[in-house]
Amino acid sequence: MATSTIRIKKTCKWCRKEFEAQKTSTQFCSKRCAEHAYKERKRQEKKKQVETSEVERVAAGREKKLQDNQYLSVVESAQLLNRTRFGIYKLIYRGVLRAYRISGQWTVIKRADIDAMIEARPYERKPKASYLATDENGEAITEFYTTREIIEKFGVSNSWVFAQAKRHNIPKVYHRGKTLWSKEHCNRVFAAKPEPPKDEDWISYSDVRAEYNLTHDQIHNYVKYHGLRRKKVGKYTYILRSEIDAILRPPML
Ligand SMILES: [Zn+2]
């Protein structure tokens with residue numbers, strides 16, 4: 001079998017001279033050029049290795065410094081916990097991680113608060129045992145109602161729960177997409193009968209029932225057909241005494 005007579009024009013990758021190769025994979029014009037190229041490649045690899053270890057050394061040093069810092073920025077906290085900045089802000093907004101805003105652009109996170117956040121959440125199956133919510137005395141809150149539980153237990157509406165929670169600053173935590181409210185605070189806030197509207201002579205449905213000897217449906221029909229004004233406070237509905245009086249007043253003879 002004859003040797004290949006193919007001649008391919010190529011440029012040497014080392015000396016840039018043109019030469020004729022017999023194989024498409026040939027890169028160098030001579031053994032000498034190939035050796036030069038090989039040595040250079042090895043030199044570059046070595047250099048890169050040194051640079052990488054230097055970068056790692058610096059990173060390790062920075063991490064060591066982060067470990068020792070008492071106060072961290074959001075970015076540093078993100079580095080320390082290997083999260084994104086956004087991830088850290090999410091923890092802050094959810095009330096999981098305590099942070100201090102010194103000025104508009106300056107947020108400080110205490111190293112101790114990061115440790116507290118972690119320690120409050122050991123991996124365990126029982127979900128309600130550990131939360132980072134504290135009451136007015138700094139005591140940890142461990143018992144919660146879901147919003148649904150409050151609605152059912154106290155007979156209030158969803159919006160009422162959130163309105164009262166805001167007004168009375170009921171401590172809350174988030175768990176698996178649900179808001180959980182401090183049980184003790186809820187018992188205090190929702191057990192008390194809401195204040196009736198004061199500015200005018202409002203009377204609750206249940207009082208109308210008792211005083212005027214009407215059923216709920218009768219009141220409801222009066223309200224509907226006479227267009228009486230209504231006010232809802234929690235689970236209680238109020239109407240104006242003057243308006244129900246006007247309807248029930250005996251016709252003038
Ligand atoms: Zn060459």
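Counting starts at 1 for both ligands and their atoms, in listed order. This chain uses plain numbering: 1 for the first residue, then up along the sequence.
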Tell me, please, which residues at least two apart from Y205 pass ring-ring contact (aromatic ring centres under 6.0 Å, His included). H216
Under a 4.5 Å side-chain heavy-atom rule over Ile, Leu, Val, Met, Phe, Trp and Tyr, are I109 and Y100 clustered together? no
Electrostatic pair K183-E149, nearest N-O below 4.0 angstrom: no
Pair listing, ring pair (Phe, Tyr, Trp, His ring centres under 6.0 Å) test, anchored in residues 54-88, at least two apart: none
Once the angle between the rings of Y89 and Y93 is folded into 0 to 90°, is it parallel (under 30°), tilted (30 to 60°) or perpendicular (over 60°)? parallel
Cut-off 3.5 Å, no hydrogens considered: what does the side-chain donor-acceptor table look like for residues 31-40, sequence neighbours left out?
{"unit_1": "E40", "atom_1": "OE1", "unit_2": "R43", "atom_2": "NE", "d": "3.3"}
{"unit_1": "E40", "atom_1": "OE1", "unit_2": "R43", "atom_2": "NH2", "d": "2.2"}
{"unit_1": "E40", "atom_1": "OE2", "unit_2": "Q44", "atom_2": "NE2", "d": "2.8"}

So, with waters excluded, how many protein N/O/S atoms does the Zn ion (ligand 1) have closer than 2.8 Å? 4
